[in-house]
Amino acid sequence: MKVELNKVFKEFNQTKCRYRVAKGSAGSGKSVDIARDYIMKLSDMKYKGANLLVVRQTEASHKDSTYAELLSAINSMGLSSFWTWTVTPLTLTCKTTGNSIIFRGFNDTRARERVKSITFPHGKLTWIWCEEATELQESDVDILDDRLRGELENPNLYYQMTFSFNPISASHWIKRKYWDYDSPDIFRCHSTYKDNRFLDEAYHRRMMMRKEQDPDGYRIYGEGEWGETGGIILHNYVIEELNTSFDRYDSVHYAQDFGFNHANCILEVGFKDDEIYILREIYVHEKDTTEIIQLANQYNFDKKKVMYCDSAEPDRIMMWQKAGYKARPVKKEPGSVKAQIDYLKQHKIHINGCCINTIKEIQQWKWQKDRSTGLYTDEPVSIFDDAMAALRYCIEPYRQPSKKAKTMSKAALGL
C-alpha cells in the first residue's frame, strides 16, 4: 500500500508514546493524516486485535467530520472492499483483521457512562482519537485514559491517545498537561498549512488575507500557536446535541451570508424561550449560487421558512426567490453590527455539535485591536466571520420587529 502523506507527520505516525499531541493551524492536514494512519494500521494483520474509539464533545458532530474523514481515507487508499461501515450507529470494521472503529461524545452524563462500558467483538480498545480536543474537559480525558489498561495479547499492540486541535487559548488545560509538560510518554507535533503540500493556492491567499487583517487570529489558525484569551466577543454559548425537529421551537428560520472565495454560510436557527438554537449549517467555499441552492435542496431546507440574507447581494437574493425560497434582505444601518452583537450577548446561544464551522468561528471571533495602543476597539475583526454574519442576520426579526408586530404587541398589552 502506497499512501501520500505530509512529511511533518512521519515521526508522529511512528511513535508508540502513550500520548501523541497534534497542535496545528487550520489546513495543516493533521486530521487527514491521522485518519489515514489509523486506517493503514487497522487494515494491517500486524495490529490484529486493535480497536479505535473516536471522541468529540458531541456525538452528532462525528458524521460530517471524523467519520467522513475516515471513510474518505478508506476510499482514497483503495480499501473499500476490505471494510464495512454503518451509519446507525456510526461504525467502521475491517473485514480482514476484525478491527473496529466506533464514535462517542461527551455532551452529558449518559454519554460518559456509555464510554465506560465500551466492548468490541474482537480484541480490546487500544487507541483513542480526540478530535477538536479543546472541546473536551480535562475530566473527560481522564475517563478515557483510564480505559487503556491491561495486558495485550498481540506484542505489536500498544495503548495510545491522540489529540488533534487548533490551539485556541494559551490558558487551556491541554497546554499545561500535554504541551508544556515534558515526559517520555508524550510526543508533540506542530504543523501549519505551509506543511500541507496538498493545499490549493486560493487557501494560501485566504491565509495571507487573514495575516494582514487579523494578526491575532492568524497566530492561531495560520501559525498554529497558542492564542490570547482576550478580545473574544461571545462567551454565552454552549455546544451540545440538539433536537432539530421544528416543533421543538417557537419559530425557525434561515440566515445566509454570501461568499465565494471566503465562505458562503447558511444557518438554520430555532428560537425558544428567548434563547437561540443553531441547528444546522451549510458552509462552503468557491461554489456559485446555483450549486448552493442545490445543496440546500439536498439538506431539505424548508422553503416555507424565511431566509434573511446580506442585502449587498440583491441578484443572489433574487436567484433564491426564483428557486422558491423566501429570501429577504437584512437592512443594514449605521451601528447595526454593534447592536446585533449587543443583542446576541443578552441571549444564550445553543450550537449543535455538527455545526463545526460555526463553532470554530465563535470560539475565535474577536474585537479588532488598535495596533498603536494594543487596546481592543468596539469593531469586530471582519475576516473568517461568515457564520457570525449569518448569526447576526438571523436575530434581526427579533431585534427589530416589524411595525405591524409592534402594533400587535401593544394591542395585546392594552396600550
Side-chain angles (χ1 to χ4, degrees), residues 1-6 9 12-13 20 22 24 26-45 47-48 50-106 114-115 118 120-123 125-133 135 160-165 196 198-200 241 244 280-285 287 294-295 298-300 352-357 359-360:
M1 186 190 306
K2 185 176 181 181
V3 181
E4 290 188 336
L5 298 171
N6 288 305
F9 300 112
F12 178 82
N13 293 337
R20 58 176 189 173
S28 70
K30 52 189 178 296
S31 297
V32 174
D33 175 88
I34 291 168
R36 293 189 176 189
D37 178 50
Y38 277 132
I39 294 301
M40 281 192 293
K41 289 173 179 174
L42 292 167
S43 302
D44 192 339
M45 289 298 294
Y47 298 109
K48 184 176 176 61
N51 293 284
L52 170 65
L53 167 64
V54 188
V55 175
R56 289 199 61 173
Q57 202 273 335
T58 56
E59 192 164 334
S61 61
H62 284 297
K63 185 176 180 181
D64 296 320
S65 57
T66 54
Y67 178 79
E69 199 71 75
L70 288 158
L71 195 55
S72 175
I74 290 171
N75 291 325
S76 65
M77 294 159 64
L79 296 174
S80 57
S81 61
F82 297 95
W83 283 79
T84 60
W85 49 88
T86 62
V87 177
T88 308
L90 294 178
T91 60
L92 297 162
T93 303
C94 181
K95 292 187 285 187
T96 54
T97 63
N99 298 338
S100 299
I101 305 173
I102 62 173
F103 303 79
R104 291 291 186 270
F106 267 91
R114 288 184 68 204
V115 168
I118 288 173
F120 293 90
H122 306 285
L125 173 61
T126 53
W127 301 326
I128 299 174
W129 175 17
C130 299
E131 169 70 326
E132 302 290 356
E135 298 174 352
Q160 187 174 77
M161 294 184 70
T162 297
F163 304 94
S164 53
F165 58 92
N196 190 350
F198 305 109
L199 283 180
D200 59 279
E241 191 167 350
T244 58
R280 291 191 296 168
E281 68 175 15
I282 288 179
Y283 195 96
V284 293
H285 290 92
K287 289 189 180 294
Q294 292 173 351
L295 193 56
Q298 292 172 15
Y299 273 58
N300 293 317
N352 205 346
C354 64
C355 300
I356 57 176
N357 296 289
I359 293 168
K360 287 180 180 179

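Numbering starts at 1 and runs along the sequence shown. Quick caveat, the model's predicted, so the values are computed rather than measured.
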Pairs satisfying ring-ring contact (aromatic ring centres under 6.0 Å, His included), at least one member in residues 63-85, at least two apart: Tyr67-Phe103
Give every residue pair that meets the salt bridge (charged side-chain N to carboxylate O under 4.0 Å, His left out) criterion with at least one member in residues 62-74, sequence neighbours excluded. none
So, do Trp127 and Lys41 sit near enough that their side-chain heavy atoms are less than 4.5 Å apart? yes
Ignoring hydrogens and angles, state whether a donor on the side chain of Asn357 or Glu281 is under 3.5 Å from an acceptor on the partner side chain. yes
Within the 4.5 Å heavy-atom criterion, are Ile118 and Leu53 side-chain neighbours or not? yes
4.5 Å side-chain heavy-atom contact, Leu125 and Phe120: yes
Nearest atoms (heavy-atom pairs only) where Gly105 meets Val115: O-CG2, 4.3 Å
With side chains defined as the heavy atoms from C-beta onward, is the minimum distance between Asn6 and Phe198 less than 4.5 Å? yes
Ser164 and side-chain hydrogen bond (donor to acceptor under 3.5 Å, both in side chains): which single residue from Glu132, Lys30, Glu131 fits? Glu131
Go through Leu52 and Ile128 one step at a time and tell me if the side chain to side chain contact (heavy atoms under 4.5 Å, CB included) criterion holds. CA-CA 6 Å; Leu52 170 65; Ile128 299 174; 5.6 Å; no
Taking the side chain as every heavy atom from C-beta outward, state whether Val55 and Phe106 have any atom pair closer than 4.5 Å. yes
I need the minimum non-hydrogen distance between Asn75 and Ser80, along with the two atoms involved. OD1-CB, 3.5 Å
So do the side chains of Thr93 and Asn99 get within less than 4.5 Å of each other, counting heavy atoms only? no
Validation row: Arg36, Leu5 side chains within 4.5 angstrom (heavy atoms): yes
For Ser43, does its backbone N or O pair with a side-chain atom of Thr97 as donor and acceptor, under 3.5 Å? no
Which heavy atom of Gly353 sits nearest to which heavy atom of Ser61, and what is that distance? O-CB, 2.7 Å
Report yes if some heavy atom in the side chain of Glu59 is under 4.5 Å from a heavy atom in the side chain of Arg114; otherwise report no. yes
Ignoring hydrogens and angles, state whether a donor on the side chain of Tyr38 or Thr162 is under 3.5 Å from an acceptor on the partner side chain. yes
Look up atom CD in Gln57 and atom CZ in Arg104, then write down how far apart they are to the nearest 0.5 Å. 15.5 Å
Using modelled atom types and a 3.5 Å cut-off, is there a donor and acceptor pairing between side-chain atoms of Ser76 and backbone atoms of Ser72? yes
Taking side chain to side chain donor-acceptor pair (under 3.5 Å) as the test, write out the residues that go with Asn13, two or more places apart. Asp33
Does any N or O in the side chain of Lys95 come within less than 3.5 Å of the main-chain N or O of Ser81, such that one atom is a donor and the other an acceptor? yes
Gap between atom CG of Asn352 and atom OG1 of Thr58 - 0.5 Å precision: 6.5 Å
May I have the step-by-step check of side chain to side chain contact (heavy atoms under 4.5 Å, CB included) for Val54 and Ile101, ending in yes or no? CA-CA 7 Å; Val54 188; Ile101 305 173; 3.7 Å; yes
Looking at Phe165, is Arg56 sitting on its ring face, NZ or CZ under 6.0 Å from the six-membered ring centre and within 45 degrees of the normal? no
Give me the atom names and distance for the closest heavy-atom approach of Ser31 to Trp129. O-CH2, 3.9 Å
For Asn51 and Ser100, indicate whether the former's side chain and the latter's backbone hold a donor-acceptor pair under 3.5 Å. yes
Between the CD1 atom in Ile34 and the CD1 atom in Ile39, the distance rounded to the nearest 0.5 Å is 12.5 Å
Kindly say whether Phe12 contributes a backbone atom to a donor-acceptor pair with the side chain of Arg20 at under 3.5 angstrom? yes
